[in-house]
Amino acid sequence: MESRILHSSSSSCCYSSLGTVNRYRFPSVSSPKPLSVSFTQTARTRTKVSRVLSMSKKDDATGSLTYKDSGVDIDAGTELVKRIAKMAPGIGGFGGLFPLGDDYLVAGTDGVGTKLKLAFETGIHDTIGIDLVAMSVNDIVTSGAKPLFFLDYFATSRLDVDLAEKVIKGIVEGCRQSECALLGGETAEMPGFYAEGEYDLSGFAVGIVKKNAVINGKNIVAGDVLIGLPSSGVHSNGFSLVRRVLARSNLSLNDALPGGSTTLGEALMAPTVIYVKQVLDIISRGGVKGIAHITGGGFTDNIPRVFPDGLGAVIHTDAWELPPLFKWIQQSGRIEDSEMRRTFNLGIGMVMVVSPEAASRILQEAKNGDYVAYRVGEVINGEGVSYQ
């Protein structure tokens, strides 16, 4: 395996082979133990990749599809988190916080799941790296952290340099959008481990936030407002179910998306929105109390993660229009509303919990055309998420 480490102290951006130590433990055994450490890890809250379904085998079933039918058991993932929490208390947030002086370093790690299968089938490899960066930096920005640097892991059976270059270009673009450095990474060539022409990706991001500025949801109260920021599509979650739907439908990736302006392949491969700049700008003007990255688990599982005990949310499903891609997924898969809400982002990729005053300001800015944002719901007394 080849490690690519950027020596940031050099005036030139050079990579060198420095071995294969790519496991991260906090705190280091050689470091002074901090008085108080809060550990969270987003990857422990989502089941990303399970049994892969063949796209060539037609699904003749006519019943309602679920994520579990497609090989991804969210409940099993939740159970694993509970067991890990017994060994490493604090697991459960969107990013891991490590105290450093007056700051927290905030870390996140993730992959892009079986969206890679569609990259292999469509030949679209130059944007999958954006997805990779987005999944980690969008997680750590929920704490109010500014991303500092990113590391990638690219694994394949036989290295195709031209293909790998396309993937890395996407990672570079993702880092540019999130204004963080691509500090290095690892290229692992493992003959016989992956199918010919296929690869796997994972990434790791670190950001920083002042301790007195961390967004942690502790000040959320009933009556606060939920502001939703639009997604570009499915982003990088739910693709095992998407591929099951596609296998059941009479359409191919080259066919037009019903009600849309692109092919199905193009719509599904649209890169994940990187919310870093927009979210940090909104945070800087005050009133943001909590932020939920809407990934695996959808609205139902992700929004409550930022609430104190005793609070829940009501979502107004008519606050934004369901994009054509999600309409097609639901209709073709005959998927129940509850399953859609627990699997997909439904057109909203980030939800901010803000004070009523901040909500008025954000919505006015959206009305002025500065960006797109929706008032998608409110915080209420109770538990969980309800829909109206």
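Checked against His293 for a side chain to side chain donor-acceptor pair (under 3.5 Å), the options Thr142, Asn302, Asp139, Asn345 give a single hit: Asp139.
Salt bridge present: Glu196 and Arg158 bring a charged side-chain N and a carboxylate O closer than 4.0 Å. A salt bridge does not link Asp162 to Lys166: none of the charged nitrogens lies less than 4.0 Å from a carboxylate oxygen. A salt bridge links Glu173 to Arg176: at least one charged side-chain nitrogen sits closer than 4.0 Å to a carboxylate oxygen. The pair Arg83-Glu79 counts as a salt bridge, with a side-chain nitrogen and a carboxylate oxygen less than 4.0 angstrom apart. Salt-bridge annotation for Lys327 and Glu321: present, with a side-chain N of the basic residue lying under 4.0 Å from a carboxylate O of the acidic one.
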Using a 3.5 Å cut-off and no angle test, enumerate the donor-acceptor pairs between side-chain atoms of residues 272-280 and protein atoms at least two apart in sequence or in another chain.
residue: Thr272; atom: OG1; partner: Asp131; partner atom: OD1; Å: 2.6
residue: Thr272; atom: OG1; partner: Ser236; partner atom: OG; Å: 3.0
residue: Tyr275; atom: OH; partner: Pro230; partner atom: O; Å: 2.8

Return all side-chain donor-acceptor pairs below 3.5 angstrom for residues 202-219, not counting sequence neighbours, or 'none' if the list is empty.
residue: Lys210; atom: NZ; partner: Asp103; partner atom: OD1; Å: 3.3
residue: Lys211; atom: NZ; partner: Gly101; partner atom: O; Å: 2.9
residue: Asn216; atom: OD1; partner: Lys218; partner atom: N; Å: 3.1

Side-chain polar contacts of residues 381-388 - donor-acceptor pairs under 3.5 angstrom, sequence neighbours left out - could you list them?
residue: Glu383; atom: OE2; partner: Gly310; partner atom: N; Å: 3.0
residue: Tyr387; atom: OH; partner: Thr300; partner atom: N; Å: 3.4
residue: Tyr387; atom: OH; partner: Thr300; partner atom: OG1; Å: 2.7

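Taken from CG in Leu257 to OG in Ser261, the straight-line distance is 8.0 Å, to the nearest 0.5 Å.
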From CA spacing to verdict: ring-ring contact (aromatic ring centres under 6.0 Å, His included), Trp320, Phe326: CA-CA 13 Å; Trp320 75 101; Phe326 294 102; 9.9 Å; no
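Ring to ring, Phe154 and Tyr199 are close: their centroids are under 6.0 angstrom apart.
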